[in-house]
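Scope of the values below: all heavy atoms of this structure, side chains included, with no hydrogens, waters or symmetry mates.
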Amino acid sequence: MNRPMPIATTIRPLISALLAAAVLSGCALAPTYERPATPQPAAFKELHGWAPAAPADALDRGPWWTLFNDPVLDGLVGQVEVSNQNVAAAVAAYSQARALVAQQRAALFPTVTLTGGANRNGNGGGNDNNNGRTSNSFRLNIGSSWEPDVWGRLRAGISAAQANAQASAADLASARLSAQGELAADYFSLRSVDAQRALLATTIEGYQRVLKITQNRFDVGIVPHSDVYQAQTQLASAQSDDLTLARQRAQLEHAIAVLVGKAPADFALAPAPWTVTVPDVPVGVPSTLLERRPDIAASERAVAAANAQIGLVRAAYFPQIGLTASYGPSASAIGDLFKASSMAWALGLSATETIFNGGANRAAVQGADAAREQAVARYRQTVLDAFADVEDQLNATRVLAQQQELQRQASAAADKVEEQVLNRYKAGQVSYSEVVQAQVTALNARRALVQTQGNRQTTAVALIQSLGGGWHADQLTAQE
């Protein structure tokens with residue numbers, strides 16, 4: 001009677017195969033990843049004192065909107081984090097990317113299964129003289145399969161998934177920053193409209209007084225009827241402008257409602273005093289924060305994922321190796337399942353190699369190489385666009401500051417002209433057309449000043465976005 005070979009002796013070759021697979025798994029077919037070189041200007045054209053910075057996209061951006069010292073804005077931006085559906089979608093995409101990393105990593109480990117079954121078999125037909133025979137069989141089996149990562153294919157998939165997850169995290173930061181920046185810009189535009197409407201309300205009251213004075217002067221025969229018509233025209237035009245601003249305000253309010261995740265019908269933003277705060281950009285901030293832009297981080301991670309994908313497709317040149325094992329009993333009665341004589345085991349080693357596929361593997365590698373080159377080009381273009389974006393906002397910040405001072409002077413001078421011309425008209429020294437011209441000029445100068453103040457705030461928001469988020473003095477000190 002032949003005795004079964006001991007399991008330890010039988011699986012010794014398989015253990016050797018596993019050890020060999022573990023040694024070979026050190027192979028990696030993906031190219032060594034290096035961050036692509038990008039243009040590095042010595043300084044920003046629009047800001048002196050700039051110095052090269054190390055990538056810092058992982059730094060905490062902080063509540064940058066608090067730099068504007070507006071409690072209402074602070075409350076609104078806080079709602080973007082939890083209510084904006086674009087941000088919610090980006091959060092879900094990031095969670096999905098992390099789950100994919102876990103799924104790819106699970107492929108490194110063996111798969112263990114438990115199966116069981118029962119069968120009842122019979123043969124022959126039953127009659128009065130001969131009964132059909134029946135038999136039972138029961139089985140219980142624990143099986144395992146494993147594909148050792150000999151050529152680094154699985155690890156390449158994990159690397160690609162990790163890079164994609166990091167890119168998704170950067171996309172989440174970009175979506176959050178975009179929603180926050182858009183809300184802040186809409187909010188400041190709304191406050192600018194409120195300020196212009198306040199100017200128009202005061203102006204309309206003045207026009208109404210002037211109309212009354214002109215009507216009285218016409219009633220006593222001092223001025224012609226055309227002066228009354230001009231006053232009425234001017235008043236009606238100002239009232240029409242106020243309605244236009246009211247429509248713009250409603251649209252901005254609706255946009256803010258959507259950004260905080262509410263239906264416009266359920267949201268209202270009452271007029272409030274406008275805090276015209278424009279934070280200054282500390283010298284050196286662009287050098288510290290430029291690489292913090294989430295779109296740059298996402299683009300660079302896309303290059304890393306494309307690089308790992310090359311290793312994934314290169315692995316197709318090599319055979320796929322699989323290891324299987326099973327152990328369990330099989331018997332004709334349940335009571336015999338766990339007897340030693342019922343136990344059976346099996347070990348297996350398989351390898352699959354593609355002999356010919358018409359050059360599909362070579363084409364796949366060429367395609368992966370081209371995809372990486374495309375990702376590199378997009379990354380470099382993203383960096384160039386980022387530099388241009390910062391330059392644009394720095395230029396706009398400087399020019400608008402100069403324009404605000406000039407428009408402040410122009411508004412003050414126009415107010416004085418309006419006052420003097422109106423006094424001269426009351427004294428009968430000038431025609432009413434000169435009054436109209438002076439009043440229109442003064443109103444336009446006031447509104448231009450308010451618009452520039454609003455533009456300075458929205459430009460500050462755009463500059464913060466172009467730098468990748470907010471900044472704080474302690475963060476800058478820590479990086480220098």
Fill in: Donor-acceptor contact below 3.5 Å, side chain T382 vs main chain R378
yes
Worksheet item: Is it true that the side chains of N395 and E391 contain a donor and an acceptor less than 3.5 Å apart?
Response: no
Item to complete: Mind checking side chain to side chain donor-acceptor pair (under 3.5 Å) for E300 and listing every partner two or more places apart, or none if nothing turns up?
Response: Y33
Practice prompt. Identify the two heavy atoms, one from P36 and one from Y379, that lie closest to each other, and give their separation to 0.1 Å.
Written response: O-CE2, 3.7 Å
Worksheet item: Who passes side-chain contact (heavy atoms from CB on, under 4.5 Å) against A169, sequence neighbours left out?
Response: Y94
Discussion item. Are W274 and V450 packed together at the side-chain level, in the sense that at least one heavy-atom pair is separated by less than 4.5 angstrom?
Written reply: yes
Discussion item. If we check side-chain hydrogen bond (donor to acceptor under 3.5 Å, both in side chains) with D194, which of these qualifies: Q196, R197, R191?
Written reply: R191
Practice prompt. Over all heavy atoms of both residues, which pair between I296 and A386 is shortest? Give the atoms and the distance, please.
Written response: CD1-CB, 3.7 Å
Item to complete: Ignoring hydrogens and angles, tell me if any N or O in the side chain of S192 forms a donor-acceptor pair with the backbone of G454 under 3.5 Å.
Response: no
Item to complete: Hey, could you give me the CG/CG distance between L449 and L199, rounded to the nearest 0.5 Å?
Response: 8.5 Å
Worksheet item: Okay, side chain of Q457, backbone of T277: is any donor-acceptor separation there less than 3.5 Å?
Response: yes
Discussion item. How close do S466 and Q393 get, counting heavy atoms only, and between which atoms?
Written reply: OG-CG, 4.0 Å
Response to the item:
One should read off an interatomic distance between D295 CG and D389 CG, to the nearest 0.5 angstrom, of 8.5 Å
Worksheet item: Hey, is CD on Q402 packed in by over 12 heavy atoms from elsewhere, all under 6.0 Å?
Response: yes
Response to the item:
All heavy atoms of A270 vs all of R249, minimum pair found to be C-NH2, 3.6 Å
Worksheet, complete the sentence: Here the pair of heavy atoms bringing V461 nearest to G181 is CG1-O, 3.5 Å
Practice prompt. Just do the side-chain contact (heavy atoms from CB on, under 4.5 Å) check on R446 and T203 with the steps written out, would you?
Written response: CA-CA 10 Å; R446 295 187 202 111; T203 300; 3.7 Å; yes
Worksheet item: Taking only residues at least two apart or on different chains, which pairs with a member in residues 69-80 satisfy salt bridge (charged side-chain N to carboxylate O under 4.0 Å, His left out)?
Response: none
Worksheet item: Under 3.5 Å, is there a donor-acceptor pair between the T452 and Q403 side chains?
Response: no
Discussion item. Please give me the minimum heavy-atom distance between V80 and L259, naming the atom from each residue.
Written reply: CG2-O, 3.8 Å
